[in-house]
Protein chains: 2
Amino acid sequence: MKPISKEEYDLKCSTRQLFELMSEKWVPGLIYTLSLGPQRPGKLAGRLQGISKKMLTQTLRNLEDWGVVKRTVYDVVPPHVEYSLTSLGEKMVEPIALVHDWAQENREDIAKVFGNRLASKTS
Amino acid sequence: MKPISKEEYDLKCSTRQLFELMSEKWVPGLIYTLSLGPQRPGKLAGRLQGISKKMLTQTLRNLEDWGVVKRTVYDVVPPHVEYSLTSLGEKMVEPIALVHDWAQENREDIAKVFGNRLASKTS
DNA sequence: CCGTATCCTGAAGGATACTG
DNA sequence: CAGTATCCTTCAGGATACGG
């Protein structure tokens, strides 16, 4: 069996990279929500209950840096800002949808694994 | 637009749970490798270059706790141990393959996003 | 309304050395 | 060969308070 080099696993494996990108806590939620249309921060915060102002801004800034999200500022008072997906961002919706669909069909199994994981952490 | 409650996002969203499970550094690699057949720890370490003995054991223990991997010990000297996927583990190969395939077809885009991410970290 | 700055805790994960 | 134990660094991410 062919070995997977360290460099390959760390830097070249797109599969792992994708999982890593998507595991940032609010990333899938934000991308998915933005795929429904451009949104203002207030709306986003309202939809993703539990996200703090800090994490909202921070995650959006990251997505912006990654080239996934675009920030548009309207110069009015009070401030009006809108976030939308770039074309790159649109593409990222695909794997989320893929995993989402599979996850829906297999939620029992995931719940089992995830539950066992939580249980083993607290022991 | 319907809000996603904190509890829903944290505890009920199978999509996020799955991403979270798979983002543990060596999890996708180990599950995928084990899907090629039962393996001894030595073989696994040889294949996943860069994994430390600690992380190998630790991750395998976790997967065992989650019900994804089975550990079989043959009582001989020197010790002989084998790891294999449970039926639950076999199922987990599916989403990995799904993401893997998509990632292969879109490695350019992922590389772009991932690269931008790395770049923005070091600035 | 939108964003920034600081502080703080836990957890991930690598290095190393030791056991049967 | 397989596994355990310790130490240490980094960082995600939450709480809180302030600014335009």
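Order of the sequence lines fixes the chain letters, A, B, ..., with proteins taken first and strands second; residue numbering starts at 1 for each chain.
- To the nearest angstrom, P of D:dG13 lies 12 Å from CG of A:Leu30.
- Considering only side-chain N and O atoms, B:Arg40 lies nowhere under 4.0 angstrom from the phosphate OP1 or OP2 of D:dC1.
- The line from CD1 of B:Ile110 to CH2 of A:Trp66 is 12.5 Å long, rounded to the nearest 0.5 Å.
- Summary for the helix from C:dC1-D:dG20 to C:dG20-D:dC1: the axes at its two ends, each from 5 pairs, differ by 30° when rounded to the nearest 10 degrees.
- A:Asn62 has its side chain out of reach of A:Val68: every pair of non-hydrogen atoms, C-beta onward, lies at least 4.5 Å apart.
- If you take CZ of A:Arg117 and C1' of C:dA11, they are 11 Å apart, rounded to a whole angstrom.
- B:Asn116 meets the side chain to side chain donor-acceptor pair (under 3.5 Å) test with no other residue; sequence neighbours excluded.
- Residues of residues 53-66 of chain B that place a heavy atom closer than 4.0 Å to DNA chain C, in numerical order, are B:Lys54, B:Met55.
- Taking NZ from B:Lys43 and CG from B:Leu48, the interatomic distance works out to 13.0 Å, rounded to the nearest 0.5 Å.
- Of the residues B:Val69, B:Val93, B:Thr59, the one that meets the side-chain contact (heavy atoms from CB on, under 4.5 Å) test with B:Ile31 is B:Val93.
- Residues from residues 72-81 of chain B placing a heavy atom under 4.0 Å of any atom in DNA chain D, listed by number, are B:Pro79, B:Val81.
- Taking atom OH on A:Tyr83 and atom C1' on C:dC2, their separation rounds to 8 Å, with Å as the unit.
- Between the B:Arg71 side chain and the B:Val81 main chain, no donor and acceptor come within less than 3.5 Å of each other.
- Per the geometry, CD1 belonging to B:Ile51 stands 14 Å off C1' belonging to C:dA15, to the nearest Å.
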For residues 95-102 of chain B, dump all side-chain donor-acceptor pairs below 3.5 Å to protein atoms at least two apart in sequence or in another chain.
residue	atom	partner	partner atom	Å
B:His100	ND1	A:Thr15	OG1	3.0
B:Trp102	NE1	A:Glu94	OE1	2.6

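- For B:Lys43 and D:dC1, the shortest distance from a side-chain N or O to OP1 or OP2 is not below 4.0 Å.
- Distance, B:Gln49 CD to C:dG14 P: 14 Å, rounded to whole Å.
- The shortest heavy-atom contact between A:Gln49 and A:Trp26 is O-CH2, 4.0 Å.
- To the nearest 0.5 Å, atoms NZ (B:Lys70) and CD (B:Glu64) are separated by 9.5 Å.
- Put simply, CG on B:Leu118 is 14 Å from C1' on D:dC11, counting in whole angstrom units.
- By the salt bridge (charged side-chain N to carboxylate O under 4.0 Å, His left out) test, B:Arg40 pairs with no residue at all, sequence neighbours left out.
- Under the 3.5 Å distance criterion, the side-chain polar atoms of B:Thr86 are matched with a main-chain donor or acceptor of B:Gly67.
- Contact between the side-chain N/O atoms of A:Arg71 and the OP1/OP2 oxygens of C:dC2 is not found at any separation under 4.0 Å.
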